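We count ligands from 1, going down the list as the structure has it; atoms in each ligand are counted the same way. Since the model is a prediction, treat every value here as computed from it, not as a measurement.
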Amino acid sequence: MSSPALHRILELHRLLREHAHRYYVLDDPTIADGEYDRLFAELLDLEARHPEYIRPDSPSQRVGAPPLEKFAQVDHRIPMLSLENGFSAEDLLAFEERLARFLNRTTPVSYVTEPKLDGLAVEILYKDGLMIQASTRGDGITGEEISAQIRTIQAIPLRLRKAVEGILEVRGEVFMDGEGFLRLNEEQTRAGRPPFANPRNAAAGSLRQLDPAITASRPLKFYTYGVSDPAATGCATQFELLGHLRELGLPVNDLVRRCANIQEVLTSFSDLQAQRLSLGYEIDGMVVKVDAFDLQDRLGAKARAPRWALAWKFPATQATTKLLDVEFQVGRTGAITPVAILSPVSVGGVIVSRATLHNQDEFRRKGLRLGDTVLVQRAGDVIPEVVKPITEARNGRETPIVMPERCPVCAHPLDRPDGEAVTRCFNPLCQAQRTRALAHFTSKAGLDIEGLGKKFMEQLFDLGIIKDLVDIFALDREKLARLEGWGEKSAANVLAAVEAKKHPALGRFLAALGIRFVGEVTASLLEDHFGTLARIVSATREELLEVDGIGEQAAASIVEYFSDPATLDMLARLQRLGVEPAAKGSPAKDLPLFGLTFLFTGTLKTLSRDEAKMLVKGHGGQIAQTVSSKLTHLVAGEKAGSKLKKAAELGKTIISEETFLRMLHP
Ligand code: JCF
């Protein structure tokens, strides 16, 4: 510290940090812009003469990072969940009722409400108070590293105002306000580039720039809404945590409210709706969270969203336009989906030219005709839909929509099984289904193999290079390199990307296969329950039904899929090529209830049934549906009846709720 230059540099850091915080976070500057610029120029000058004193958290280090080749993948230490949606006061009351039931309590719960920003969720990692990494939410498990891009956002501190020892993972939303959006679009237009459709797209496009200099030129903003691990902060409530984050210099929305009960949440929602248009940035609803972290902990999460939060969306925005045509698309499961082709119209700032009609019952029920003027609506990030025809606007020239009798792709006769809403092409060799299924396998929803997007998969399929998904793992580099639009480099990149996905997480692999009724959520339930692919392949319908969240349809579809010899042959060939899904991460056998199977009966004193079941699973145990041979422990509450008797007859271990709770912490 002996150098006067270093001394002054650190002093300038402090001054510039303080003034930037006042300007960008508090919106309350205490010096003129010119004075700030003078201090900044002095810092740049000193750093140019003493490059050895350039520190990563220097205000000069926000810009100037070189462009990236590609985004690196980052696994979130703790998954970034999304939010469950609600659309009405009834949905909010139902949310509270679910909470109360789960927590087995009647006393009111306190909440925190905040505007729901329509931006991009990111995670920013601070180590000992210094920002060291930032990433997008991605699929919640893995995101993309955008550290250099995030550093360019002036409102985000490179060093926290108070040192926090160890790791602090801050989560929040990057967005663009209305003014910044208009300014950016003017620039885009002037430069002959297409304007962005809405602020959300503009924010996403700005953040996902390989060259951080471009991100730096974009007016991005940020509000934090939480951290990955609240327990580690010492805060007891969400409201306290937000105050803490504010003290650390992070931007927190001023409109955060603490509500003592659900009535106050309702008031908070009307207040926010009244302010919506004067905020200067777009919001699509209000986030409601249970305030106390101990209650949040007990509530836990379902497959992808916590039980303790609700995104209460504002009503959809609507517009009218003409229904020009209906296209019939063939999905990867053969499902025929009618899609409305609309005269392009702006719905709440987004240009809509297509909307799903779901299935034939839907357009019949709505009484739609070609040439109709229709009401179209869009709710937040939900796919646009046609609400109804405006019958008053008809001129008599409208014509009925006719469902095709043959597959528009392979001309195979279509069929609609009894009791199902969807008409399908059941031709297993239908090109549309096969290419869609293959494209799904490599897409982001599947194994996410970079370079093998929809367009390339269709090309490789049409050329006969990829006939089924096994072929993806046996691609020939030289053959690829010679294809039109490829070359040595992209061929090598694709082969490397394929190689990197040979051991996908089991859930991801299952979701990628595109089994009917097995989406991301069901796939992850299967992964959690069975742990290995072999166990899922040999699972019976009954065993599948034992998994909480798996119903008749999914169970039947899974059994059918894995009893098809073609599936087994494909899996065997994949295995020979070294493709093997990784078994579930943390071995359940280290958990206190591993190998034990529980059943609850009678009235429990402190736990609800749902919470009790969640505790069993969270501690490595299993849940039985009946008193069966598998059962090891029956937890008997008050007024236990026939199950208790039967378990006693079979010599099962019978324990109280207190004993059960003690078993969780041996
Ligand atoms: O503003 C948002 N879009 C937003 C998203 C706000 C929140 O408090 C969130 C969120 C996503 C997940 N909280 C969680 C837990």
Side-chain angles (χ1 to χ4, degrees), residues 76-87 92 95 99 110-124 134-141 143 153 155-156 169-177 198-204 207 220-233 235 237-246 250-259 265 268-269 272-273 275-276 279-293 295-314 379-382:
H76 298 293
R77 213 166 46 93
I78 300 173
M80 286 182 80
L81 298 174
S82 55
L83 297 169
E84 185 175 312
N85 289 329
F87 297 94
L92 178 77
F95 166 69
L99 296 180
S110 300
Y111 298 93
V112 169
T113 64
E114 70 188 289
K116 181 169 182 300
L117 295 165
D118 201 8
L120 278 101
V122 300
E123 178 165 83
I124 308 172
S135 53
T136 61
R137 173 177 183 276
D139 63 5
I141 308 291
I153 300 175
I156 298 177
E169 283 164 326
V170 172
R171 291 172 174 184
E173 201 84 357
V174 170
F175 65 103
M176 200 175 281
D177 67 18
N198 54 56
R200 192 198 129 79
N201 287 5
L207 207 52
L220 293 174
K221 296 196 152 184
F222 174 77
Y223 279 127
T224 175
Y225 58 70
V227 297
S228 63
D229 183 11
T233 61
C235 297
T237 65
Q238 169 74 8
F239 196 74
E240 194 188 319
L241 173 68
L242 292 175
H244 175 61
L245 294 172
R246 205 179 259 133
L250 289 154
V252 175
N253 199 312
D254 283 334
L255 299 174
V256 171
R257 294 277 175 276
R258 183 179 235 169
C259 301
V265 175
S268 175
F269 187 77
L272 186 61
Q273 250 182 330
Q275 292 178 79
R276 184 177 181 186
L279 294 178
Y281 51 87
E282 282 190 10
I283 60 174
D284 58 358
M286 184 177 85
V287 182
V288 185
K289 291 182 177 173
V290 169
D291 191 24
F293 289 139
L295 294 183
Q296 287 190 8
D297 273 351
R298 284 181 55 194
L299 287 159
K302 286 185 285 193
R304 66 172 110 210
R307 282 199 190 80
W308 42 261
L310 185 75
W312 183 358
K313 297 287 191 81
F314 291 133
D381 44 12
V382 180

Identity and separation of the nearest protein heavy atom to [atom]:
atom: atom 1 (O) of ligand 1; value: Leu117 N, 2.9 Å
atom: atom 13 (N) of ligand 1; value: Lys289 NZ, 3.1 Å
atom: atom 6 (C) of ligand 1; value: Tyr225 CD2, 3.4 Å

Heavy-atom distances under 4.0 Å are what count here, so tell me which part of [X] touches ligand 1: side chain, backbone, both or neither.
X: Leu81; result: backbone
X: Met80; result: neither
X: Lys116; result: both
X: Arg171; result: neither
X: Leu83; result: side chain

Problem set entry | From Phe87, Phe95, Tyr111, Phe269, residue fulfilling ring-ring contact (aromatic ring centres under 6.0 Å, His included) relative to Trp312 | Phe269
Seminar exercise, completed: Exactly one of Arg298, Glu240, Gln238 clears side-chain contact (heavy atoms from CB on, under 4.5 Å) with Phe293, and that residue is Gln238
Exercise. Is there a donor-acceptor pair under 3.5 Å between the side chain of Glu169 and the backbone N or O of Asp229?
Worked result: no
Exercise. Are any of the side-chain heavy atoms of Glu114 and Lys289 separated by less than 4.5 Å?
Worked result: yes
Exercise. So, do Glu123 and Arg137 sit near enough that their side-chain heavy atoms are less than 4.5 Å apart?
Worked result: no
For this session: Consider every N or O of Glu114 and every N or O of ligand 1, then say whether any pair is closer than 3.5 Å.
Result: yes
Seminar exercise, completed: Looking only at heavy atoms, the pair that brings Phe175 and Gly119 closest together is CB-CA, 4.2 Å
For this session: Rounded to the nearest 0.5 Å, what's the gap from CG on Leu255 to OG1 on Thr113? Could you check?
Result: 9.0 Å
